[in-house]
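Letters A, B, ... mirror the listed sequences (proteins, then strands); counts begin at 1.
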Amino acid sequence: MIRSVAQSPDNPEAEAFPSFEPAPRVARAGHGRVAPYLEGLNPEQRAAVEALDGPVLVLAGAGVGKTRVLTTRIAHLIASGRARPHEILAVTFTNKAAREMRERVSLFTGSHQGMPWLGTFHSIGVKILRMHAELVGLRPNFTILDTDDQLRLIKQILQAENLDDKRWPPRALASLIDGWKNRGLDPAHVSAGESSAFAGGRGAALYAAYQARLKTLNAVDFGDLLLEALRLFRENADVLAAFQSRFRYILVDEYQDTNAVQYLWLRLLAQGRGNVCCVGDDDQSIYGWRGADVDNILRFEKDFPGARVIRLERNYRSGGHILAVAAGLIAHNQGRLGKTLFTDAPLGDRPTVIGVWDSQEEARVVGDAIEDAQRHGVSLDDVAILVRASSQMREFEERFIAMGLPYKVIGGPRFYERAEIRDALAYLRCVAQPDDDLAFERIYNQPKRGLGDATLAILHEFGRRAGVSLMRAAQMLIETEELKARPRQLLRDLLLSFDRWRKAAEEIPHEEAAQLVLEESGYIDMWKAERTPDAAGRLDNLKELVRSMGGFPDLGAFLEHVSLVMDVESADAGQRVSIMTLHAAKGLEFDLVFLPGWEEGLFPNQRALDDNGRAGLEEERRLAYVGLTRARRTAKIYHAANRRMRGLWQSSAPSRFIDELPPDHIAVEETEGAAAFGGYGVSRFDAAGFGGRYETPGSRRAEVFRQRGDGSGFGRAAAGRSFDGKAVVRAAPASGFEEGARVFHVKFGPGSVVSADGPKLTIDFDKAGRKLVMESFVTAEP
DNA sequence: ACCCTCGCATTTTTT
DNA sequence: ATGCGAGGGT
């Protein structure tokens with residue numbers, strides 16, 4: 001609810017966030033005076049900072065100063081003498097969040113005092129596993145496989161089992177294993193029922209084979225970083241006890257995103273001192289599809305009896321209308337902890353719902369709106385387009401290129417996932433860890449050096465029987481007659497090179513060694529010789545890779561960083577509009593937010609509904625909530641009556657979420673294209689005998705669902721009103737017009753057809769000039 | 001070893 | 001539509 005609309009001059013967030021410098025001096029708390037870092041917190045924030053002991057759940061809605069509370073809490077723990085930095089465990093999900101927290105904590109504590117146990121779940125998992133690797137059957141220098149390696153390994157296992165990879169795709173097994181690991185299941189605990197989901201009941205056995213293979217490779221995948229850490233604690237009470245007493249205080253960020261393993265792992269640790277503080281927002285739980293379990297946060301008070309729950313509901317980001325709309329929408333979800341954002345800020349702009357004719361018009365009007373905002377002094381950096389699916393991005397990109405509007409796409413393919421970077425890293429891995437078979441396989445004939453599958457098969461076979469890695473197998477085989485002369489020589493050359501590179505790595509700075517490896521191996525030359533347009537970019541990436549190694553003490557540290565971080569910070573110059581998915585937008589904020597594609601099927605996404613029923617719908621709704629709450633000043637929602645999906649045009653109904661927005665807080669607009677259609681086009685259809693159905697979005701949706709006959713559970717009456725007459729949805733009549741045909745358009749008058757593209761006609765109108773119009777608006781000239 | 005064609009899927013993504 | 005991967009042909 002909007003509690004007050006008076007403008008507050010002392011918005012603590014607005015003042016304290018951008019200007020943290022100079023770093024507040026850490027004063028001793030508890031001398032009667034309030035420690036300076038506590039000043040400027042609102043009462044709830046302050047309660048969340050000061051409730052140090054016992055379990056605490058901080059329900060932090062969007063834009064309530066969550067990060068500030070977390071970092072201040074850490075500062076308070078240290079300043080009050082409750083814990084020293086190395087006695088605090090602070091976990092986040094993303095590297096970005098960890099980095100941000102580390103930076104802000106260091107402003108309080110002074111940069112010399114690091115927080116060794118502040119990091120992502122995975123990085124902390126690695127750290128703990130390296131300390132006790134042997135207890136889970138690994139050597140301390142184990143390698144961390146990325147998804148690519150993981151998949152290739154699974155492929156090999158399926159091949160060894162003679163499974164048809166058409167029928168049983170490796171990807172499917174990979175995601176099953178991933179899911180099992182997310183839920184804390186090792187192969188022995190996978191139920192027969194679940195196991196039957198793959199290769200006729202062999203799922204669990206294949207999982208076991210995969211785990212065994214990882215162990216022989218001395219490797220772990222991402223899931224293991226959590227699962228093995230859990231196993232370590234479960235099977236070694238002494239190790240667990242040591243960590244329980246080490247971590248006097250535990251903080252968890254984004255608790256709503258935790259999965260089962262993370263939860264179990266945390267719970268074990270928290271059972272020690274009991275000082276666990278989880279911060280999260282059940283309304284922003286949008287990662288259920290990758291194992292996050294909202295129930296963890298919903299169950300917190302049960303899991304941790306006597307837990308204190310603190311709600312942060314004072315929002316410092318958005319105007320009152322935006323918050324009211326977001327609140328009205330999310331209120332349609334059941335199973336929430338319940339929390340309503342409010343603000344002292346003015347009501348501000350009403351979120352606008354805009355109906356457009358099709359996705360091209362959508363891109364056009366969004367582009368125009370951005371240019372308009374730009375003219376009014378809005379920086380492009382403060383503008384974002386948040387889409388449900390990345391396939392929606394293309395149309396915006398095309399339009400923005402055409403109009404010369406600078407943009408950036410957030411969350412495309414990541415740096416360390418590029419093929420050339422993976423290849424280069426594979427070389428470095430082979431240098432650092434000669435037994436890294438997956439790395440060796442990747443580069444042993446890359447660039448082409450005449451070593452083919454046949455030789456590799458021999459190495460595999462020999463290595464397997466001798467129980468040694470591929471590199472060692474190669475070393476042994478070049479001494480014998482097993483291999484034909486030519487491959488033997490080629491292999492010998494390669495091994496000699498690696499010996500040389502390893503020596504170099506010890507003697508010269510590692511980035512120079514890396515450069516040497518990439519040059520001498522012919523890898524750089526391979527790309528230089530390639531004359532495809534993207535080769536230059538790849539060479540740049542390789543340069544960037546080598547350059548980025550400079551910041552690390554040695555090759556091993558660099559490789560560890562890479563496997564955990566998987567991305568580099570990119571510095572980009574100039575103002576740009578951001579285009580990203582709603583998922584990628586979580587945690588960000590913009591003055592002006594565009595939310596296109598609010599149509600049934602796309603958003604809420606049909607697949608989410610089909611796969612997960614009401615839970616899926618509610619997660620979609622949370623996604624909508626996340627999108628709306630990104631906006632500081634203005635949110636614009638679009639729905640198109642027609643959209644090209646998978647190559648063909650489909651008509652679509654406005655999203656049910658639009659009906660759920662509180663009508664008093666939104667504004668409704670429609671563009672000419674949509675208006676003409678819904679407006680006086682209808683009577684023409686009637687006259688023309690098309691039997692034009694005049695429908696509300698709601699009735700149309702009802703019909704769509706009736707036809708579909710699904711049971712996804714959307715019987716609930718729409719809470720809002722519908723926007724009558726705004727978007728009539730109809731399939732385009734089938735008949736066509738010949739090129740050159742004389743036609744009459746309700747708005748543009750007479751003209752001649754130039755060309756047709758499906759239901760869209762390009763027409764030279766006698767008076768209005770050339771226009772692209774929908775066929776359904778024209779009739780043959782009388 | 002390379003190229004071409006065919007078939008297939010196509011929500012969201014971190015570590 | 002489009003792009004990616006596998007498989008087959010040259």
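- Looking at the side chain of A/Glu417, the nearest of the listed nucleotides B/dT15, B/dT11, B/dT13 is B/dT15.
- Checking A/Glu395 against A/Ser359 by side-chain atom types alone, a donor-acceptor pair falls below 3.5 Å.
- Considering only the side chain of A/Arg290, B/dT13 comes nearest among B/dT13, B/dT12, B/dT15.
- Using modelled atom types and a 3.5 Å distance limit, the side chains of A/Asn541 and A/Glu420 yield a donor-acceptor pair.
- Rounded to an integer number of Å, the gap from NZ of A/Lys96 to C1' of B/dT13 is 14 Å.
- Note: CZ (A/Arg643) to C1' (C/dA1) measures 15 Å, nearest angstrom.
- Among the protein residues, A/Asn182 comes within range of no part of the nucleic acid, since none of its heavy atoms lies under 4.0 Å from any strand.
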Original post:
What do the steps show when you test A/His639 against A/Phe603 for ring-ring contact (aromatic ring centres under 6.0 Å, His included), and what is the final call?
Top reply: CA-CA 10 Å; A/His639 59 92; A/Phe603 189 40; over 10 Å; no
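- Contact annotation: the side chain of A/Lys586 approaches that of A/Tyr287 to within less than 4.5 Å [non-hydrogen atoms, C-beta and beyond].
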Could you give the side-chain donor-acceptor pairs of residues 166-179 of chain A under 3.5 Å, partners two or more places apart or in another chain?
unit_1	atom_1	unit_2	atom_2	d
A/Ser175	OG	A/Ala172	O	3.2

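- Here the P atom of nucleotide B/dC8 and the CZ atom of A/Arg167 are 15 Å apart, to the nearest Å.
- At a non-hydrogen distance threshold of 4.0 Å, nothing from residues 140-153 of chain A comes into contact with DNA chain B.
- For A/Asn95, a side-chain nitrogen or oxygen approaches OP1 or OP2 of B/dT15 to under 4.0 Å.
- Between the CD atom of A/Gln360 and the P atom of C/dA1 there is a distance of 14 Å, given to the nearest Å.
- For A/Ser391, no side-chain nitrogen or oxygen approaches OP1 or OP2 of B/dT11 to under 4.0 Å.
- In this view, A/Phe142 satisfies the ring pair (Phe, Tyr, Trp, His ring centres under 6.0 Å) rule with no residue, not counting sequence neighbours.
- The distance from atom CG of A/Asp611 to atom P of B/dT12 is 14 Å, rounded to the nearest whole Å.
- The nearest heavy atom of DNA chain B to A/Arg607 and to A/Leu451 marks one nucleotide each, and the one closer to the 5' end goes with A/Leu451.
- Put simply, CD on A/Gln606 is 16 Å from P on B/dT12, counting in whole angstrom units.
- For A/Asp453, the CG atom counts as loosely surrounded, since its 6.0 Å shell holds 12 or fewer non-hydrogen atoms of other residues, nucleotides or ligands.
- For the pair A/Arg646 and B/dC8, the criterion of a side-chain N or O lying under 4.0 Å from OP1 or OP2 is not met.
- In this structure, the CE atom of A/Met566 is 15 Å from the P atom of B/dT13, given to the nearest Å.
- Between A/Tyr287 and B/dT13, no base-stacking contact is recorded for ring centres under 5.5 Å apart and planes less than 30° from parallel.
- Contacts of residues 170-177 of chain A with DNA chain B (heavy atom under 4.0 Å): none.
- The structure places CH2 of A/Trp289 at 12.0 Å from CG of A/Asn612, a figure rounded to the nearest 0.5 Å.
- None of A/Tyr255, A/Tyr263, A/Phe93 except one satisfies the ring-ring contact (aromatic ring centres under 6.0 Å, His included) rule with A/Phe121; the exception is A/Phe93.
- Partner of A/Asp149 under the salt bridge (Lys or Arg N to Asp or Glu O under 4.0 Å) criterion, chosen from A/Arg422, A/Lys155, A/Arg429: A/Arg429.
- If you check every strand for non-hydrogen atoms under 4.0 Å, A/Phe93 touches sugar and phosphate atoms only.
- Protein atom CE of A/Met526 is 14 Å distant from nucleotide atom P of B/dA1, rounded to whole Å.
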Once base and sugar-phosphate atoms are separated, protein heavy atoms under 4.0 Å mark nucleotides 3-10 of chain C, 5' to 3', with B, S and - as ---S----
Would you tabulate the side-chain donor-acceptor contacts of residues 221-228 of chain A under 3.5 Å, counting partners in other chains and residues two or more places apart, or write 'none'?
unit_1	atom_1	unit_2	atom_2	d
A/Asp221	OD1	A/Lys181	NZ	3.0
A/Asp221	OD1	A/Gly223	N	3.1
A/Asp221	OD1	A/Asp224	N	2.9
A/Asp221	OD2	A/Gln150	NE2	3.4
A/Asp221	OD2	A/Lys181	NZ	2.7
A/Asp221	OD2	A/Tyr210	OH	2.7
A/Asp224	OD1	A/Lys181	NZ	2.9
A/Asp224	OD1	A/Gln211	NE2	3.3
A/Asp224	OD2	A/Lys181	NZ	3.2
A/Asp224	OD2	A/Asp221	N	3.4
A/Glu228	OE1	A/Arg231	NE	2.7
A/Glu228	OE1	A/Arg231	NH2	3.0
A/Glu228	OE2	A/Lys215	NZ	2.7

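- Using the six-membered ring where Trp is involved, A/His561 and A/Tyr416 have ring planes that are perpendicular, over 60° apart on the 30 and 60° scheme.
- Side-chain atoms of A/Gln256 and A/Glu254 form a donor-acceptor pair, as typed in the model, at a separation below 3.5 Å.
- Among the nucleotides B/dT13, B/dT10, B/dT15, the one closest to the side chain of A/His583 is B/dT13.
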